[in-house]
Amino acid sequence: MSKLIIWNDILKPISVYVNIHCTIGAVIQKLSNQKANIVFVKDKGSLVGYSTIEILMNQIAQNEDLSKPIIYKNDILKVPQFSPVEFFHNVTLIIGEDANGEIIGFTTIEHARNQISELNLKDLNILLHGAGVGIVRTNIDYQIEYINETAESILGLHRSFLQFRDYKVLLSIDKNLDKVMTGETLINVNASINFKYTVGNFYPLKMEDIIKGLIHIFFSREVFEDSVKELDFVRNLNSDLQTVYASSQEQILVIDESGKIIRVAGMFLNDFWKVENPENIIGKHISEFTRKNIFQPNVFELCQKQKKKVTSIQDSMGKSRVWSVATPVYHEGKLEKVVVLSRDITQESPSIHYQSDESSQTLQDHDDFNNKQLVYRSKTIERLVVEIKRVAQFNSTILLEGESGVGKEVFVHQIHSASPRSNQQLVRINCGAIPENLIESELFGYEKGAFTGADKNGKAGLFEIANNSTLFLDEIGELPLNMQVKLLRVLQEREVTRIGGTHPRPVDVRIITATNKDLRELVNQGEFREDLYYRLYVIPFSIPPLRERKDDIFPLAIYFLEQFKKMYDIKKSFTPEAIEVLETYSWPGNVRELQNIVERLTLLGEGEWIKREHALKFLYGEVQKRKKQLLVLELMPLKEAVEELETQLIQRGMQKYGTADKLSKVLGVSPATISRRMKKLK
C-alpha cells in the first residue's frame with residue numbers, strides 16, 4: 001500500500017540566495033559557480049521571489065545590459081514541510097518551511113508532479129516485486145525514462161542500455177502505439193524485445209489531462225499467473241489502469257482475512273460460480289461454495305493454512321475447470337486478505353503448461369503419454385532444465401545419474417528435442433534388458449553369414465541407425481565388460497565395425513547415457529572400466545529424487561490425473577487434504593511410483609473426489625497399519641537413523657501444522673527444540 005507523500009519527500013535544498021538589487025551579471029556568475037539554474041531573491045532578509053536562467057536570458061534578450069537589477073517572479077506558495085502534497089493553480093514554486101517558519105527547501109510544481117509519478121512507480125514496483133510484472137515508462141517521444149528491475153529481468157537487458165532509447169523502435173508489436181499518445185488504452189498486447197515475448201497493457205500517462213507519455217505494464221508470456229502478487233496497487237493507479245483490469249481475461253478475486261469475498265474484477269467466471277453476476281457472490285464467504293460442493297478445493301483455506309502462494313486447479317461440479325493462483329497479503333505480520341487470480345481452462349488441453357517461480361513448467365516432446373513430458377515447478381529442476389537446454393546445442397557426451405523412476409528418459413527427450421539433431425529419430429537401448437550374447441549385434445550390427453541364424457542380408461546396429469542423431473544408452477552400468485571395450489573404441493574412433501566385418505563405418509552419433517548406480521563405485525569394484533567412465537563422465541547431470549523436490553509433487557499429480565481421466569473417460573479431482581498426503585510421502589519409487597499411485601487412485605477411489613483417506617490407504621495401507629510408519633531408505637548407523645527419523649517427523653509435522661508451537665504439542669517437546677532443529681536443517 002502506497003505511503004502518503006509529503007512535501008518533505010520531494011523538496012530540494014536552496015543553494016543560491018541574492019539581494020533584490022543584485023545585477024544580472026552577478027546572478028549569472030553565482031549560478032555558474034554553484035552549477036544551479038534557479039536563484040532565490042530576498043528583500044530585507046525576507047524571501048520575495050525567484051529567478052531562473054530562462055528568465056535572465058529573456059531579460060538580456062530585451063537589450064538590457066548585465067549591470068541592470070534582475071527581474072524576478074513571485075508566484076510562490078509556502079507550505080509546512082510535513083504537510084501532504086497537493087497542487088494549486090497560479091503557483092509555479094513551492095517553498096517548504098519547518099515548524100519555526102524557517103525555509104528548508106523548494107520544488108517546482110512540474111518537478112513535484114514528476115517526483116510523485118516517480119515515487120508512485122517505485123512504490124508500485126515494490127508491491128509488484130517478485131510477481132513477475134515489468135513496468136516501462138516513456139515520455140511523449142517514446143524515450144524510456146523509467147524501467148523496473150523485473151522488466152530488466154524479463155527483457156534480458158540492463159536499464160543502462162534501455163534508458164532514453166526509443167521504445168517504439170525497440171518493440172516488435174502488432175499494434176499502433178501512436179494511439180496511446182492520443183489517449184487510447186491497448187489491452188492484452190503481445191510484444192517482444194530481444195526475442196523475449198511479453199503480454200501486457202499500454203496506457204497513456206496523463207498529468208492535468210495532458211498526455212506526457214505512456215506506461216507499459218507487462219509480464220512474461222510464460223508466467224501469466226505471477227502477474228498478480230498484491231492487489232493493493234489498484235487503489236493507487238489512475239482510472240486508465242483500473243480499466244485495464246476491468247477488461248482482463250482473468251478473474252481477480254479479493255477475499256478478506258475471514259474468507260469473505262470483498263471484490264471481483266476482470267472476467268467473471270459465472271459458469272464456475274453457478275451465478276449470473278459478480279454481485280451475487282460479493283459479501284459471501286467462499287466456504288459457502290465449497291461446502292455445497294459447487295467447486296473444490298477452497299484455495300483461500302489452502303493459502304491461509306500454508307501461509308504462502310498456492311496454485312490449484314479447481315473443478316466446478318465436473319463441468320468447469322479453472323487454474324487459480326492464491327496469494328496472501330500481509331500487513332504488519334497479519335493476514336489482511338488473499339488475492340486469487342483465476343483463468344478458465346475448461347476447453348484447454350489436459351497437457352497444462354504450468355509456469356515458474358513458485359509455479360511450474362511443462363516442456364513437451366511428444367504428445368503420447370509414455371512419460372515424455374517434463375512437468376515441474378521446483379527451482380531445482382528449473383535450474384537443471386536451463387543447463388540442459390544450454391548443453392543440448394552441442395555434441396558433448398552426457399551422463400544422467402539418478403535413482404530409478406526419477407524420469408531420466410524424460411530428460412533425454414528434452415535434450416534431444418532441444419538439439420540440432422531433433423529432426424532425426426532418438427534411438428534408445430536398455431543395456432540391462434538385452435541378453436549379453438545379443439547386445440553386441442544390437443549395438444554394432446553384423447554382416448551376412450556372421451553367425452548361425454544371422455539375417456542373410458546382414459543388419460545395421462543401433463550406432464549406424466542413430467547416425468546423425470542421438471543414441472541413448474540406458475542403464476549403462478549393466479553393460480558387460482567386453483562390450484565396454486568396444487563401446488570405448490566407438491567413442492574414441494567415431495566408427496563401428498559390424499560382427500563378421502572388416503571395414504569400419506564412420507558414425508556421427510551424440511551419446512547420452514543414464515544409470516541408477518554409482519559408476520565411480522563400480523570402477524572401484526572392477527565392474528566398470530575407468531577409461532570408459534571418464535569418456536562418459538563429460539557432462540554429468542544428477543536428477544534429484546522426488547523427495548528432494550516436493551514442489552513438483554502437486555503439478556505431477558495433477559498432470560497424471562488429467563491424463564488418466566482422458567484415458568479412462570472418468571471424472572476425478574483431488575481434495576486439498578489428499579494432495580497434502582501425497583506431498584508428505586517420501587516416494588522411494590519417485591515419479592514412476594507417483595504415476596502408479598495416481599492411476600490407482602483414479603480407478604479405485606470411490607466417488608468423484610480423491611480424498612485424504614484414499615491416499616492414505618493406497619500409500620500406507622489401513623490406518624491402523626500406518627500409525628508409526630516412517631521411512632529410512634538404507635541401512636545406516638543407529639545414531640544417523642534416529643536423526644533421519646527426527647528430520648522426517650519434523651519436516652512432515654511442519655508441513656501439516658505450520659508452526660513449531662503446534663508441532664511441539666504433537667511431538668511432546670518444547671517449541672524451542674523444534675525451532676533449533678529446523679534451524680539446523682536449514
Side-chain angles (χ1 to χ4, degrees), residues 3-122 137-141 143 145-146 163-164 205-213 238:
K3 68 176 183 178
L4 182 66
I5 299 175
I6 59 176
W7 287 114
N8 193 64
D9 293 333
I10 56 178
L11 291 176
K12 297 183 292 185
I14 296 175
S15 58
V16 184
Y17 283 105
V18 298
N19 187 274
I20 191 173
H21 302 298
C22 201
T23 65
I24 299 172
V27 171
I28 291 176
Q29 185 63 47
K30 281 196 172 188
L31 288 173
S32 176
N33 292 340
Q34 295 293 328
K35 297 180 180 180
N37 58 14
I38 186 169
V39 62
F40 291 86
V41 183
K42 285 187 174 183
D43 184 19
K44 297 178 182 179
S46 298
L47 184 68
V48 295
Y50 67 94
S51 189
T52 64
I53 290 290
E54 183 180 3
I55 294 172
L56 294 173
M57 290 302 102
N58 287 336
Q59 189 174 353
I60 294 171
Q62 294 172 5
N63 296 319
E64 296 193 28
D65 76 48
L66 299 182
S67 63
K68 293 280 187 178
I70 62 169
I71 294 174
Y72 60 89
K73 291 187 176 183
N74 60 3
D75 51 342
I76 294 175
L77 178 68
K78 295 181 179 180
V79 299
Q81 69 179 108
F82 296 114
S83 61
V85 171
E86 56 181 327
F87 297 104
F88 306 91
H89 295 291
N90 303 320
V91 174
T92 301
L93 206 71
I94 298 294
I95 296 294
E97 295 181 328
D98 63 16
N100 298 320
E102 296 293 329
I103 295 173
I104 52 90
F106 80 100
T107 184
T108 64
I109 290 295
E110 181 180 4
H111 179 261
R113 293 188 190 280
N114 290 337
Q115 282 291 98
I116 288 174
S117 175
E118 195 79 15
L119 287 171
N120 279 334
L121 278 173
K122 289 180 179 178
R137 187 194 72 198
T138 78
N139 59 22
I140 195 70
D141 296 319
Q143 292 176 326
E145 293 185 335
Y146 175 83
Q163 206 147 23
F164 305 117
L205 178 62
K206 293 182 179 180
M207 295 182 184
E208 292 185 335
D209 293 328
I210 298 176
I211 296 175
K212 298 289 187 178
N238 61 29

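Hydrogens, waters and symmetry mates play no part in the numbers below; they use all other heavy atoms, side chains included. When a residue number appears, it is its place in the shown sequence, counting from 1.
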Name the atoms and distances for all side-chain donor-acceptor pairs under 3.5 Å in residues 21-32, with sequence neighbours left out.
unit_1 : atom_1 : unit_2 : atom_2 : d
Thr23  : OG1    : Ala26  : N      : 3.2
Gln29  : NE2    : Asn33  : OD1    : 3.1

Please set out all donor-acceptor pairs under 3.5 angstrom arising from side-chain atoms of residues 10-17, sequence neighbours excluded.
none

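Across all their heavy atoms, Trp7 and Val85 have their closest contact at N-CG2, 3.6 Å.
Counting only residues at least two apart or on different chains, the salt bridge (Lys or Arg N to Asp or Glu O under 4.0 Å) pairs with a member in residues 71-98 are Lys78-Glu97. For residues 18-28, no residue pair satisfies the salt bridge (Lys or Arg N to Asp or Glu O under 4.0 Å) rule, not counting sequence neighbours.
Phe40 pairs by the ring-ring contact (aromatic ring centres under 6.0 Å, His included) definition with Phe106, not counting sequence neighbours. Under the side-chain contact (heavy atoms from CB on, under 4.5 Å) criterion, Ile140 pairs with Met181, Ile211, not counting sequence neighbours.
Atom-to-atom distance recorded for Ile6:CD1 and Phe82:CZ is 6.0 Å, nearest 0.5 angstrom. Atom OG1 in Thr52 sits 7.5 Å away from atom CG in Asn37 (nearest 0.5 Å). Annotation: the span from Ile94 atom CD1 to Ile76 atom CD1 amounts to 9.5 Å, rounded to 0.5 Å. Taking CG of Asp141 as the start and CZ of Phe164 as the end, the distance is 12.5 Å to the nearest 0.5 Å. The CG atom of Leu77 sits 11.0 Å away from atom OG1 of Thr92, with the distance rounded to the nearest 0.5 Å. Rounding to the nearest 0.5 Å gives a distance of 13.0 Å between NZ of Lys212 and OG1 of Thr138.
Gln59 places no side-chain N or O within 3.5 Å of a backbone atom of Tyr72 that could act as its donor or acceptor partner. Side chain of Asn58 to backbone of Ile55: no donor-acceptor contact under 3.5 angstrom is found.
Each of Ile70, Ile71, Asn74 was evaluated against Val41; a single residue qualifies, Ile70, per the side chain to side chain contact (heavy atoms under 4.5 Å, CB included) test.
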